[in-house]
Amino acid sequence: EVQLVESGGGLVQAGGSLRLSCAASGFIFDDYAIGWFRLAPGKEREGVSCISSSDGSTYYADSVKGRFTISSDNAKNTVYLQMNSLKPEDTAVYYCAARRRRPYGSTWFRGYEYDYWGQGTQVTVSS
């Protein structure tokens, strides 16, 4: 059974940090790329970041570049999203997702190209 389990969300003040984790099981981790998406009330789902487990390529939305860092521990089948300098506009439910198809700079943020999704973790940034 494929599972993606997010953790690490919570309530933090603006300027603070959180680290999200995405633990994967049920598929060959090295063959997939893992992406982070977020969904805020009244907004469309947004691709936040993505990492290719095979070669370590990383991608970021412009809105989080320089503040968020994605990393992967292939031995633990886990991807992390370190979020620093958080802003109230980062408030959302964060989801991790896995894609078999190789990501590129022009495609990594397409949610429909992901095969599996986690249940999400809430991140709330207070002003």
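Scope of the values below: all heavy atoms of this structure, side chains included, with no hydrogens, waters or symmetry mates. In this chain, numbering begins with 1 at the start of the sequence shown. Since this is a predicted model, take the numbers as computed values, not measurements.
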If you look only at distance, which donor and acceptor atoms sit under 3.5 Å apart when one is on a side chain in residues 33-44 and the other is two or more places apart or in another chain?
residue: R38; atom: NE; partner: E46; partner atom: OE1; Å: 2.8
residue: R38; atom: NH1; partner: D90; partner atom: OD1; Å: 2.9
residue: R38; atom: NH1; partner: Y94; partner atom: OH; Å: 2.9
residue: R38; atom: NH2; partner: E46; partner atom: OE1; Å: 3.1
residue: R38; atom: NH2; partner: S63; partner atom: OG; Å: 3.4

Please set out all donor-acceptor pairs under 3.5 angstrom arising from side-chain atoms of residues 15-28, sequence neighbours excluded.
residue: S17; atom: OG; partner: N84; partner atom: OD1; Å: 2.9

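Between F29 and N77, the shortest heavy-atom contact is CB-OD1, 3.4 Å. The two residues W108 and G105 make their nearest non-hydrogen contact at CD1-O, 3.5 Å. In this structure, S72 and S53 approach most closely via the heavy-atom pair OG-OG, 4.4 Å. When all heavy atoms are compared, the tightest approach of T91 to Q122 is CG2-NE2, 4.0 Å. Closest approach of D115 to R100, counting heavy atoms only: OD2-N, 2.7 Å. Between Y114 and C50, the shortest heavy-atom contact is OH-SG, 3.5 Å.
Residues V79 and L4 are members of one and the same hydrophobic cluster, defined by side-chain heavy-atom contacts under 4.5 angstrom among Ile, Leu, Val, Met, Phe, Trp and Tyr. Note: the hydrophobic cluster containing Y59 does not contain Y80 (ILVMFWY, side chain heavy atoms under 4.5 Å, direct or indirect links). Under the 4.5 Å side-chain heavy-atom criterion for Ile, Leu, Val, Met, Phe, Trp and Tyr, W117 and V48 are members of distinct hydrophobic clusters. Placement of V64 and V12 within a single hydrophobic cluster is found when ILVMFWY residues are connected by side-chain heavy-atom separations under 4.5 Å, directly or transitively.
Atom CZ of R67 sits in a crowded spot, with more than 12 heavy atoms from other residues, nucleotides or ligands closer than 6.0 Å.
Atom CD1 of I51 is separated from atom SG of C96 by 13.0 Å, given to the nearest 0.5 angstrom. A distance of 14.0 Å separates NZ of K87 from OG of S127, quoted to the nearest 0.5 Å. To the nearest 0.5 angstrom, I70 atom CD1 is 11.5 Å from S57 atom OG. Atom CG of residue L11 and atom CD of residue Q13 lie 8.0 Å apart, to the nearest 0.5 angstrom.
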**OP:** Show your reasoning for whether side-chain contact (heavy atoms from CB on, under 4.5 Å) applies to M83 and V125.
**Re:** CA-CA 11 Å; M83 306 187 296; V125 184; over 6 Å; no
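Taking the six-membered ring for Trp and thresholds of 30 and 60 degrees, Y116 and Y32 have ring planes inclined between 30 and 60 degrees apart.
Not counting sequence neighbours, D55 has no partner by the salt bridge (charged side-chain N to carboxylate O under 4.0 Å, His left out) test.
Between L86 and F68 there is a side-chain heavy-atom pair separated by less than 4.5 Å.
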